[in-house]
Each structure stands twice: as C-alpha cells, then as structure tokens.
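Only one structure is covered here, and it is reproduced in the block below.
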Number of protein chains: 4
Amino acid sequence: MADYDTLGSVFAEGAKMAPPNSDVGDVQRGAGRPRDPRIEQAALAAARELLVEVGYARLTVAAVAGRAGTTKAALYRRWPSLPHLVYEAAFPDDLLKDWHLGADLRADLLGIVVGTRDAFTTPVAAAALPGLLAEFSTHPVLHNALLSRFASVFEAIDDRLRDAATAGEVKAEARSEDLLRLMIGAALIGVLLGPETLDDAWAARITDILLEGIRP
Amino acid sequence: MADYDTLGSVFAEGAKMAPPNSDVGDVQRGAGRPRDPRIEQAALAAARELLVEVGYARLTVAAVAGRAGTTKAALYRRWPSLPHLVYEAAFPDDLLKDWHLGADLRADLLGIVVGTRDAFTTPVAAAALPGLLAEFSTHPVLHNALLSRFASVFEAIDDRLRDAATAGEVKAEARSEDLLRLMIGAALIGVLLGPETLDDAWAARITDILLEGIRP
Amino acid sequence: MADYDTLGSVFAEGAKMAPPNSDVGDVQRGAGRPRDPRIEQAALAAARELLVEVGYARLTVAAVAGRAGTTKAALYRRWPSLPHLVYEAAFPDDLLKDWHLGADLRADLLGIVVGTRDAFTTPVAAAALPGLLAEFSTHPVLHNALLSRFASVFEAIDDRLRDAATAGEVKAEARSEDLLRLMIGAALIGVLLGPETLDDAWAARITDILLEGIRP
Amino acid sequence: MADYDTLGSVFAEGAKMAPPNSDVGDVQRGAGRPRDPRIEQAALAAARELLVEVGYARLTVAAVAGRAGTTKAALYRRWPSLPHLVYEAAFPDDLLKDWHLGADLRADLLGIVVGTRDAFTTPVAAAALPGLLAEFSTHPVLHNALLSRFASVFEAIDDRLRDAATAGEVKAEARSEDLLRLMIGAALIGVLLGPETLDDAWAARITDILLEGIRP
DNA sequence: CACTAATCGAGACGGTACGTCGCGTCTTGTG
DNA sequence: CACAAGACGCGACGTACCGTCTCGATTAGTG
C-alpha cells in the first residue's frame, strides 16, 4: 500500500493526472523511465529516522533526501510537500489493518484507547504528531486525508454503540463522536504532556470512566 | 500579573533573576534605561491581531514588530523567540484569574469544561494553539510554563475531588489527573477538528459522561 | 576574461577548484543546474551604478540584488562578500587588456601614470577605492587578487627598465618596484585627496620627476 | 593637547557651544559635574590596543568603552563618532611636534620620507589608516581635520623648496605639492602592500629619486 | 547648605544590514 | 520520462552595531 496511486488519490490536486493515453484504462505506466521503487521506501525510512533524531521542527527536505540517497526533486515528485511525506511516514496506511470490534463492549473501548495510544506513542508518531497537527490547521488537504482515513473506524464505532444502546448496555443518547473525541483527546494530551504515564493501567482507567459515563 | 517580572521568572535563563539577597540595597536594581512598558503591550496586541489575520504559520517577528511600532531587537530583548511571545499573547497570565470551585460538583466540572473550551476557542487561542503545541515539544521552557500555570488549578481540583470522595459523591480511586486530561483533551481535539461543534450542549454532555464515569 | 572560472580561481576557497585529474571524463563537470550568466553581469552592473549613486559606505547587498533583479543568496553563491563583488565591479579583469610598452621610455612611463590615473578616477573606481583599501587589510584574499593582477605588469616594467639600463637611459640600480609604487601612490593620494587635480599636466610633471630621478 | 577644546574646534558642529554664561570669556568650566579626565586617556589607549588586536573593521564603540572601563555615552560626549576617536588615537596632535627643516635639502626630504613612513608604520596607524581613509571620503569633517593638521607642514615645505629654487638647488617649476604627494603616496602604498619593505634603504632610494627628479 | 547642572554607570531604543537557511521550483546532462 | 545535481526567487531568521535616549546616582560649583 501507500504507493503512488493511493497517495495520488489523497493528495494530488490535478498535477498528477494520468497521461493522455490512459483512455484504455491502463494506469499511467506509459512512456518514460519508470520511477525507482526503492526511493519511496528509502525516503519514508529516512523521514522516520530523522523525525526521531532531530524532531519535526528541524526536519528538512534536503536532509530526508540526503539520508535516503536521493534528491529533493525525487521527493517532490512523490509528495506535494514535506508534511505529506511525514504524515505517511508516521501514520502509514496499514496502521488500522488488524483492528476490529467484538462482542465485549469494554474490550472494544479498551481496544480503541490502547490502539490510539499505541499509534500516538510510537517514537516516530510522537515526534511527528504536534507538527502535523499544526499543519493540519493550515493545509485542509492533509486534514481531510486524516479524517477520511478514520472515517470507516468512526462509522464502525458508531454502529457498535448503537447496537450497545439497543442491547441496553449504554444510554440511548450516547454519542460515539463524544466518546471518540474523549479517547483520542486523552491520548493526545498524554503524548503532549509526557507519554511515559500512558501505561495499561491508564488505559483501563480511561476506559472505565467512559464506559460508566455512558451506562444507562 | 502578566507583567515584566512574571515574564522574567518564566522565560529568563538566569540573567534577569533577582539575586537572593536583594532585600538590602540592591545597587543593580533598575540600572540602565528602563524598558518602555508600552512596547510589551503593543507587541502582545499586535501578535493577537496578526494571529487572527494571518494565522500562526504566517506570523513573523518583523510583522509583529512593525505592527507594534517597534523593532525586532526590542522583541528579542523581551522574549527568547516568537513562540514565547505568542504563548503569552494567546494565553495571558490572568486567564484563570476569576476561576473558582463551589459546592456543586457538576457545576464545578462543567465550569472547567466550559472554561477550557472558552480559553481554547478564542479566535486568538484557536489560531495559536496548533502552532504552539508543535513548539512545546521543541521548547521545554514553554512546556514548563504551561504546566506550571495549571499547577494551582490542578491542585485545587485534586482537593475538590478528594472532598467529593469523602462525601461519597465519587469513587475513592477517581484521579483528578485522568479527569482533567479527559476534559482538556476533549476541548483540544474539538478545537483542532473544528471548534464549531463545541457548544454548551457539548459541554454538558462531556461533563455528564465524566461525572457518571467517576460516580461510585 | 572576468568570467566564472577566473572568479573561481581567485576567490573560491577550494570547493570550486577543478580536481587535478579532470582531463579525463570528469563526471562532476557541469552537474546541476548551471548558473544563470545574466545574474553575474546584472550584479556587477548594479554594483557599479549604486557605487556612483550612493557610495561605498551605503552600498548594500540587498540593494545590489534588488537592482540586479535577483536575491542576496544568488550573490553570496558567487562572491564571498560584498567587497569581492565590488572589487570585480570596479576593477574588472580586462582593465589592463590593451596595455603595452614601446620604445620611448618617457612615453612608457607616462602611459603607466596616465593609465593608473584613469583606472582610479573612473567614477566607479573612485567611489570604490577607499572602501576597498580598507577591506584589503581585512580580506587577504582580496589583497592577493589585486597583487596577482598587477604581477604581469610588474614584470613587464621590470624588463623594460632593465633594457633601459642596458641602453644607458637609466641608472643600473633603479628599481622598477620603487618607480611603480611612486606612480601608483601618487595617483592614489590624488584620488583620495581630490581627483580634480589629476590632469594631464600633473601626469607629465610626475613622469618627468621620476624619469629624471632615475636618469644616470 | 588633544584635549576637549582642540577637539571641539576641529570636530564639533555646534553642539559643543559654550554655555550662555561664557560672556566673561572663561572657557565652559561652569556648572555641573566635571568630566573625568582619565576617561579620555583610557579611551584612546583602549582604541589603540583594540586597533592592533582586532583591526579597524572589527572595532566597536562598545568594545572601546568596555576596555576603557566606561560606557558608550561617555565616549560620544567626547567624540562625535568612532572614526574621530580612532583618528585621534592613531594620529595624536603631538605627532609633528619635533619636526623641523634645516639647511641640507636632502636631509630635509629624507626627514619627510622617514617621518611619514614612521607615522604610517606604527602598528596602530597601520591598522587604522585604511579604514580612516575610507571614512575620509565619506566624512569631510574628518578629511578637513587631517588636511588642516598638515597645512603648516605643507607651507613650510613650500617655503623650503622656494628657497632651494632661489639657491639653484632645484628647478624653479618644481612643486612642493607634487613632491609631497609622491612621498606620502609611496609611504601609503608601502603600508597597504606590506610595511616590511619600508626600511631605511627604501627611504634613501625614494629620497634620491625625488631629489634628482627636481634638480635643475 | 540646599540648589543646579553636567557627568557617571547602565542599558533599552529605533534603525539598518548582515550572512544563513529552508522552501518548492527550475534547468541542466545522463540514463 | 526519471534521476542526480544544484541554482533559482522568495522570505524569514537571529545577531550585531550604530548613535541616541532615559534612568538613578554622583560630584562639582553657585546662591
């Protein structure tokens, strides 16, 4: 995943249009030298390394290119700007791949809390998150990319909560939106203030508060 | 508060500290031309205006200086860097001045939620917050400034919760830290994702969830 | 002359030096986007204009860049500092291109006096000279550039004087070094104290004094 | 010499006017705290030291004040600007105090050459000269100060040469102006290109060339 | 002996230029 | 086409020095 097409569909703003001979439906594999597939991985790996080493603020395109053994132009051919690259490096597409809901409501909520915490407390993610949040407020494209990625998760939780309401496990008026924001917000604050306190006991306490908070 | 001395105690790195024996005739006190107090206010006001007009990312030291009718050097004499100035401009010391707890636990919690939301949804604060969060991870001084500011609030809520536990209103094991982080995190996420949803109904819902969550 | 390579050989500090084995297929030769040759000429022209308009002391890198339609960074890519640019602008390499010695000793000496005066009394040179002299003592690279430029002239005059000594026109112990310094010094002092007195009669008088001074 | 009054007469531009009670002819020794006479000497000494240590270009008012144990304001009370201070430090008023002409024309000329060389090759003067020359072309006040200082010398040499012409020692049309410029120019060039070559043999050679050059 | 007035230290002031850095784009020659 | 290389315009950075100013604290002479 995380390949050119996926990126293009999320970030491209028209410049990455398929070449004119795409009428036959073959993806733009047309004329010209093909892209070196190693560059993509090398760039993401370099970005991850540098994020941990120097932090988001001191991360530069030239440094990523140098570490990846390529040049700035090759990176700008793949990502519209540095934040896009960082976003993909810190939060790859496969982040949510083995995530699912089950029958036990508390286990499901705990899973979300733990999953969010784990996604945020990765050294790479912890280094990238504050900077990316700042970019989100400036670049709506990035913002939407984040939201659309979590849209399916959001819907799934919404359904799960509705089922729980039907089963009488939670209040009918409980909103998945509120719950999710509380969980993500708690994890985010934890990362910003010091991720060392976000142990499993913390996750259990947060889950219990929220679970009791929406019980009928 | 929010005056020159307070600033010095938070940001200065030793040079501006009053010597411990300053109770006697301290000769150095007030040597040199005193700082023009209007510059400080003008700079903070200019920063607030520009934050709303152009946003954090496009905010420039030169622009703040120009709008304030002074020069970059005068600003660097007062704040180590632009984020420090922005922090003080967006979150002045008197932010928490008329804040207090009462007898009604729900009212107290709601007050915190609403107060945090109001502090974060100010146009100035909303513009500054994402950028400042990114800087916090770079500038530990700023980070500590934020934490120390909320330290007293934290203690007060801690005491309030302990009283409530004694009165049987909440669980004995309820932690003010968890509660506070949930409340602040919810407001923060709200600001980052779209502050238009943070109405009074939202505050009431969040308060109710948390209150029920810690009931015995 | 006065082109990119000559500049490199005079001012560059190793980075731009062609490697000694560059006779074979030197891969690095010409890598990257080539420098825009118009910028070099535009910068020199802008410097010349501004030297006359505002003088050396008020000459700014930003002003030269602005007038040349480029930016400071492009200038710093070509010259280590403003004095280097000014030096090349005021005293280009082709300054001595149509200079030669002949059979008449007095005519030769007069030619040097007049040539030096003309080179120094150009509006551009007159504006640049005092400032450059001050920089010479700070930047030895500039100093050496000046000296090496006159080295060939120096040798030619040395030979000419030796021939004249053989022909019995001048004393055997007459030193071209002394003579040249007297001539250049007289012109320099003239420019510094007021170039309006350096007419052709002045040149004739100076030439006659020096010529008689070294007659046997 | 070199005191306040002399300075005032040379440099002051009206600001240093005597107070209104000076009608009785007493120099402004009126009210107010008198100037600390040690500051003047300390500043000149500090300037001399720093000129040799860091050169003219890196010499700053703050550094001179610091080295002299005083402040910038005290210096600006005595000299209109840094070049004025440097000028007086490098070329004090008593420079020409034991200078005179005699009966031997060659000895007189040699004296001027040697005297100029000695005045220019002092470490302090050699460090200050190029920078001061650059300032001269910008600040006519300084320029005039230099010229007026040498005016008497100039006249004396003029007379001396006229006497020599009457005595048949030199051509009638020989100009002291040309001669003096040649001598000063030679010394100046020598300092700029490397003062180590300006030994006594050099002085003798220069003197002989010029003397022969104006012989009838 | 108080009063006046200039100087002292200290250091902030407005102003201006410096040289550097990073961005995202472009223009070469070479696959 | 992609790629390595590196220059390009743009704009901001944080620093340094200038010469001036405003303090409170001396330090004389004057009334």
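Basis for what follows: all heavy atoms, side chains included, without hydrogens, waters or symmetry-related copies. A note on names: the letters A, B, ... follow the listed sequences, proteins ahead of strands, and every chain is numbered from 1.
Shown here for D:A90 and D:A128, the closest heavy-atom pair between the two residues is CB-CB, 3.6 Å. When all heavy atoms of D:Y87 and D:L132 are compared, the pair lying nearest together is CA-CD1, 3.7 Å.
Of all nucleotides listed (E:dC13, F:dA2, E:dT25), F:dA2 comes nearest to the side chain of A:R33. Taking the side chain of B:T60 as heavy atoms from C-beta on, and the options F:dC13, E:dG14, E:dC18, the nearest nucleotide is F:dC13. For B:K72, the listed nucleotide lying nearest its side chain is F:dC13; candidates were F:dC13, E:dC13, E:dA10. Distances were taken from every side-chain heavy atom of A:Y76 (C-beta onward) to each of E:dC8, F:dA12, E:dT25; the shortest belongs to E:dT25.
Using a 4.5 Å heavy-atom cutoff, the side chains of C:I39 and C:D36 are in contact.
Regarding B:E135, its CD atom lies at a distance of 11 Å from the P atom of F:dC13, rounded to whole Å. Look at CD1 on B:I39: it is 10 Å from P on E:dG15, rounded to the nearest Å. Computed from coordinates, the A:L85 CG to E:dG24 C1' distance equals 14 Å when rounded to whole Å. Distance CZ (D:R38) to P (E:dC8): 10 Å, rounded to an integer number of Å. Here the P atom of nucleotide E:dA12 and the CG atom of B:L75 are 14 Å apart, to the nearest Å. Rounded to an integer number of Å, the gap from C:R77 CZ to E:dG22 P is 14 Å. Taking atom NE2 of D:H139 as the reference point, atom P of F:dC18 lies 12 Å away to the nearest angstrom. Atom-to-atom, CG of D:L82 to C1' of F:dG19 comes out at 11 Å; the value is rounded to the nearest Å.
Side chain of B:T60 to backbone of B:A63: no donor-acceptor contact under 3.5 angstrom is found. With hydrogens and angles ignored, the 3.5 Å screen pairs no side-chain donor or acceptor of B:R77 with any backbone N or O of B:R35.
Comparing B:R58 and B:P34 by the nucleotide of DNA chain F that holds the closest heavy atom to each, the one mapping nearer the 5' end is B:R58. Comparing C:D36 and B:G32 against DNA chain F, the residue whose closest nucleotide sits nearer the 5' end is C:D36.
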Hey, mind stepping through C:E40 and C:E88 against side-chain contact (heavy atoms from CB on, under 4.5 Å) and telling me if it holds? CA-CA 11 Å; C:E40 182 133 13; C:E88 192 179 344; 4.1 Å; yes

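In this model, the phosphate group of F:dC1 is not approached by any side-chain N or O of A:R35 to a distance below 4.0 Å at OP1 or OP2. Using a 4.0 Å cut-off, no side-chain N or O of A:T71 falls inside it from OP1 or OP2 of F:dA5. For C:R78, a side-chain nitrogen or oxygen approaches OP1 or OP2 of F:dC8 to under 4.0 Å.
Residues of residues 61-70 of chain D that place a heavy atom closer than 4.0 Å to DNA chain E, in numerical order, are D:G69, D:T70.
Between A:E53 and A:R67 there is a salt bridge, with a side-chain nitrogen of the basic residue lying less than 4.0 Å from a carboxylate oxygen of the acidic one.
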